[in-house]
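One structure below.
Remember, it's 1-based here, ligands and their atoms both numbered in the order they're listed. Along the sequence shown, residues are numbered consecutively beginning with 1. All values below were derived from every heavy atom in this structure, side-chain atoms included, with hydrogens, water molecules and symmetry-related copies excluded.
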Amino acid sequence: MFISGVENADTMLLVSRTAEFDKSDPTGGVTLFLVEDPAERDAIDLTHVEVELPWFEKQYQVDIDGLRVTEDDVLGTVDGGLYLLWDTLNTERIAGAASALGGGLRAVDLAVDYANDRNVFGSPIGSHQAIQHPIAESYAKLTAAREVTYKAAKLWDEGEECGTEANSASLLTSEFGLEAADRAIQTHGGNGFTPEYEVFDIWRNLRLTKTAPVSNEMILNYLGEHELGMPRSY
Ligand SMILES: Cc1cc2nc3c(=O)[nH]c(=O)nc-3n(C[C@H](O)[C@H](O)[C@H](O)COP(=O)(O)OP(=O)(O)OC[C@H]3O[C@@H](n4cnc5c(N)ncnc54)[C@H](O)[C@@H]3O)c2cc1C
């Protein structure tokens, strides 16, 4: 479900269980396959899924029945795909965090511009702390989230373990970015709901980052278990 842009993909990364789940080797039994031209294959059915996002990409339910793959299509090793997949998940989280950070900082910029321009009862609304402080706080939170994002990217570039930083960056940029967008909407009053002022679209895009590509609950599960050493909760 929700496979983005598959109708334009030259190649699809297919994650498949190829051996029964074995509790003594929970990371084994999954193989990655590269499937060329997925939209052209008879064995692959694409059904468009509507989502409430101002997006350039379409989403699809992908049903696969009777797809033939060969050894040449295997990425990595048979039954050893999860290790490779984890490497790609960290980069996806770092890239997602950078994107959420950009959205959040853009919301702050737009809120500042509007707060300086809009005069109500003879003074710019940005002169009131009820408007100014939330924007300033969002700026501070996003600046801190940016440091974690940069740290994750640097560790990944250096080939170091970066799971904790990549997950933390994704969590913090989504929470702080979304909050900044919400505050930007509030700053814009009624104009916050019009397409002309952009902030509502930023909010809708940032809302997705709490759920995809990984939900914030699953990030907290990861941190609780792998970083803090608490029992697996699911
Ligand atoms: C617009 C969009 C684009 C997407 N693009 C892609 C794509 O290109 N490729 C792709 O593979 N996927 C894609 N996804 C899917 C996305 O990664 C999943 O929707 C997301 O990871 C959540 O999984 P789920 O929908 O199965 O939710 P579920 O697993 O059903 O979870 C539902 C809710 O319960 C919570 N929950 C579940 N289990 C636990 C637990 N153990 N502890 C605490 N909370 C829990 C979740 O965090 C979530 O809030 C996309 C989704 C959307 C909306």
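Residue Val51 has no N or O atom closer than 3.5 Å to an N or O atom of ligand 1. Considering backbone and side-chain N/O atoms, Ser215 comes within less than 3.5 Å of an N/O atom of ligand 1. Of the N or O atoms in Tyr234, none lie within a sub-3.5 Å distance of an N or O in ligand 1.
A salt bridge is absent between Lys58 and Glu7; no separation between the charged side-chain nitrogens and carboxylate oxygens falls under 4.0 Å. Of the charged side-chain nitrogens involved, none lies within less than 4.0 Å of a carboxylate oxygen, so that Glu147 and Lys151 do not count as a salt-bridged pair. Under the 4.0 Å criterion applied to side-chain N and carboxylate O atoms, Arg41 and Glu36 are not assigned as salt-bridge partners. By the 4.0 Å N-to-carboxylate-O rule, Glu160 lies too far from Lys154 to be salt-bridged with it.
The option with the heavy atom closest to atom 1 (C) of ligand 1, from among Val62, Ile3, Leu53, is Leu53. The residue among Glu217, Glu57, Met1 with a heavy atom at the shortest distance from atom 49 (O) of ligand 1 is Glu217. Comparing Trp55, Tyr60, Phe2 by heavy-atom distance to atom 6 (C) of ligand 1, the nearest is Phe2.
Scanning the protein for heavy atoms near atom 20 (C) of ligand 1, the closest one is Thr211 O, 3.3 Å. For atom 53 (C) of ligand 1, the closest heavy atom belonging to the protein is Leu208 CD1, 3.5 Å. From the protein, the heavy atom lying nearest to atom 16 (C) of ligand 1 is Ala212 CB, 3.8 Å.
No side-chain donor-acceptor contact under 3.5 Å links Tyr60 and Thr47.
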